[in-house]
Structure formats: C-alpha cells, structure tokens
There are 2 protein chains.
Amino acid sequence: MSPIQFYKCLADDTRLKTLLLITLKQELCVCELQEALAVSQPKISRHLAELRKCELLIDERRGKWVYYQLNPELPAWAVTVLQETAANNSEYLHPHLQQLSQGCANC
Amino acid sequence: MSPIQFYKCLADDTRLKTLLLITLKQELCVCELQEALAVSQPKISRHLAELRKCELLIDERRGKWVYYQLNPELPAWAVTVLQETAANNSEYLHPHLQQLSQGCANC
DNA sequence: TAAACATATGCGAAATATCATATATATGTT
DNA sequence: AACATATATATGATATTTCGCATATGTTTA
C-alpha cells in the first residue's frame, strides 16, 4: 500500500465518507451506505469497487446483502490516519451518522 | 480545513512528498524541494501555491529564497496524519531525503 | 421457473487535474 | 541602471476522474 495510492483513495468525498463511516461502525452494507450518503446505487458501488481493488476494504456477501469492512491487512499507520480523521471531524460526518441511525429501508 | 480538501491536497505525488518532507524537516526552500524531488521549477511552484492557498503551508521570503513550513494553524489531527505517514513510509521518502542531504546547488 | 431485489459493471459524456512552455515579478549583484 | 538568479503565474494541450444511464449478475421468495 503506497501512501500515494492510499491518499488518492481518500481524495473523493464519497470514498472518504465511506471509509470514515466504516472506520466508526466496523461494517456497513451497500444499501446503508447508499442511504447514509444519499448517492445513486451505481455511484456507491463503483467507489466501493475501487476501494476493494486498492485493498482498503474487504467485502463479504451475506444473503442478498454485501457488507464492507476495513481490510484487516491495512498497515497500522493507515488505520491510525482513518481513526484520527474520523474522531476529529464530526461536523463532516454528523449528517450521515444521523441518517445511518434512522435505519435502512432495505436491510 | 475540511477533511476532503485536506486529502485532495495529499492526492498528488509531488504535493504529498512535499508535505511529508516539510513535516520531517520543519522547513525547506523551493530550490531544495525542486532538487530533492527532481521536478521542474514551475511544477513545484504551482503545487506549493496550491498548498498555500489551501492553508496547509505558509511561506516566508528570506532574501532570494522562499521557505515553506507547515501552517502552524493546521488542526492537530492533520499534523498527526502527516507525521504518522512520514514516520512509516521511509521507502517512499528515502531517495528524496538522501538527495536533500547532499545539499542544494543554489542555497 | 419467474419475479423481485441487491449489487456490480460497461460505456460515453462531462468535469477536473496536471503539465510544459513561455513569461512575469522580486531580489541581489555589479 | 543593467543583469543574474529565484520564484510565481498564465495559457493551452493532454490526461485522469467522475458520473449517469443502461444493463448484467447473483440471491431470495413466490
């Protein structure tokens, strides 16, 4: 995981919020992310595919749903970066966390 | 300083290396960065201008030279992110640190 | 098996970022 | 003042990224 590849992954609003929400919540499914971020299904899916390809996230299908988590093989410094960012930018994440807590229409 | 703006600044190889080298060295002048990274003068200058505009760096002219430092008003989490990244990616920075230690042709 | 649902992907258009070249500005030197 | 050096910026060409729409795949339920 080169730092430049890592930071290119964080340099998009959808991807950054996705990573930070998963950092806080351990795991989220596609429909939860789609609702929390209010984006189209292909959009969230394509960004998730990129994060998977770069090995920042891993996916796991359970029935109809696909759940995403941080890749447990992420280097410690990268996890620290995500946690530090998530813990200190609540204004940035707040509306989406609130939306998450309202529950998801599908799952 | 919104996290997305911060990470967009880190998402270019020249800018990321610039920020990490300055994190390690406290301050560097334009010609040192240009030599250490082996990039053209307009290129380093343009990226420095962007980092200035986003308030990640401050500049200070001393005679012919302009020195850049991290903006002291950077939020603590952002400084932590830079330090954690710089401290754990020596392979990424090593050639440039070595070049830096060889001294600069101009200053 | 078909229908419904959740997710993924192909593709072209639009937006954005990057770069090289040329040129401008500021400082120091003679 | 004239000139050399260090740095900044404008401009247009090129590359990269992002997105919307259409469609494909995989899973569950009827």
Side-chain angles (χ1 to χ4, degrees), chain A residues 2 4-19 21-22 27-69 71 99-100 103-107, chain B residues 2-19 21-22 27-69 99-100 103-107:
Chain A
S2 85
I4 186 62
Q5 188 187 26
F6 176 71
Y7 285 119
K8 281 188 180 184
C9 285
L10 305 215
D12 171 89
D13 192 63
T14 301
R15 288 196 300 271
L16 180 58
K17 284 173 174 164
T18 295
L19 286 167
L21 291 176
I22 290 177
E27 71 170 16
L28 290 170
C29 74
V30 178
C31 55
E32 284 175 311
L33 285 165
Q34 181 184 343
E35 286 203 0
L37 303 179
V39 294
S40 72
Q41 184 272 317
K43 179 167 171 175
I44 189 68
S45 188
R46 196 154 354 78
H47 284 299
L48 286 168
E50 185 171 349
L51 294 172
R52 234 189 304 128
K53 183 158 152 259
C54 296
E55 301 185 294
L56 292 190
L57 296 180
I58 56 171
D59 64 327
E60 181 186 336
R61 181 179 278 272
R62 281 185 230 140
K64 283 201 287 192
W65 295 284
V66 176
Y67 290 84
Y68 282 84
Q69 308 184 8
N71 184 343
Q99 182 63 39
L100 260 186
C104 173
N106 303 321
C107 57
Chain B
S2 86
I4 185 61
Q5 189 188 22
F6 176 72
Y7 285 119
K8 281 188 182 186
C9 286
L10 304 214
D12 170 88
D13 193 62
T14 301
R15 288 195 301 271
L16 180 57
K17 284 174 175 164
T18 294
L19 286 166
L21 290 177
I22 290 177
E27 73 171 13
L28 290 170
C29 74
V30 178
C31 55
E32 285 176 310
L33 285 165
Q34 182 184 342
E35 286 204 0
L37 302 180
V39 294
S40 72
Q41 183 273 319
K43 181 167 169 174
I44 190 70
S45 188
R46 191 159 11 77
H47 286 300
L48 286 167
E50 185 172 348
L51 294 172
R52 235 189 303 130
K53 185 159 152 256
C54 294
E55 302 185 295
L56 292 190
L57 294 181
I58 56 171
D59 64 327
E60 181 188 334
R61 179 179 280 271
R62 282 185 229 139
K64 279 203 286 192
W65 295 283
V66 176
Y67 290 84
Y68 282 83
Q69 309 184 9
Q99 182 63 38
L100 260 186
C104 174
N106 304 322
C107 59

query: Which part of the nucleic acid, if any, lies within reach of A:R62 when heavy atoms closer than 4.0 Å are counted: base, sugar-phosphate only, or nothing?
result: nothing
- request: Send over the distance from A:R52 CZ to C:dT9 P, rounded to a whole Å.
  value: 5 Å
task: Could you tell me which nucleotide pairs with C:dT30 by Watson-Crick or G-U wobble geometry, both distances under 3.5 Å, or answer none if nothing does?
output: D:dA1
- request: Would you mind reading off the distance between A:K64 atom NZ and C:dA6 atom P, rounded to a whole angstrom?
  value: 5 Å
field: Presence of B:R46 side-chain N/O under 4.0 Å of C:dT21 phosphate oxygens OP1/OP2
entry: no
field: Value in whole Å for how far the P atom of C:dT18 lies from CG of B:L16
entry: 12 Å
message: Between the side chains of B:R62 and B:E60, is the shortest nitrogen-to-carboxylate-oxygen separation below 4.0 Å, so that they form an ion pair?
response: yes
query: Rounded to the nearest Å, what distance is computed from the CD atom of residue B:E50 to the P atom of nucleotide D:dA8?
result: 14 Å
- line: Taken to the nearest whole Å, OH/A:Y67 to P/C:dA6 is 11 Å
task: Determine, for A:K8 against A:E50, whether the closest basic-nitrogen to carboxylate-oxygen distance falls under 4.0 angstrom.
output: no
field: Closest to the A:P42 side chain, choosing from C:dT7, D:dC21, D:dC19
entry: D:dC21
field: Spatial distance of atom CD1 (A:I4) from atom CG (B:L10) [nearest 0.5 Å]
entry: 8.0 Å
- prompt: Does D:dT17 have OP1 or OP2 sitting under 4.0 Å from an N or O in the side chain of A:H47?
  reply: no
task: Report yes if at least one side-chain N or O of A:R61 is closer than 4.0 Å to OP1 or OP2 of C:dA6; otherwise report no.
output: no
- prompt: Separation of B:E60 atom CD from C:dA26 atom P, in whole Å?
  reply: 18 Å
Atom pair distance, as rounded to whole Å: CG in A:L48 and P in C:dA6: 16 Å
message: For the residue pair A:R61 and A:Y67, would you count it as a cation-pi contact if the rule is NZ or CZ under 6.0 angstrom from the ring centre and within 45 degrees of the ring axis?
response: no
- prompt: For the base of C:dA8, is there a side-chain donor-acceptor partner from A:Q41 under 3.5 Å away?
  reply: yes
message: Using a heavy-atom cut-off of 4.0 Å across all strands, would you classify A:Y68 as base, sugar-phosphate, or nothing?
response: sugar-phosphate
- prompt: Which heavy atom of B:Y7 sits nearest a heavy atom of A:A11, and at what distance?
  reply: O-CB, 3.8 Å
field: B:Q34 CD - C:dC19 C1' separation (whole Å)
entry: 15 Å
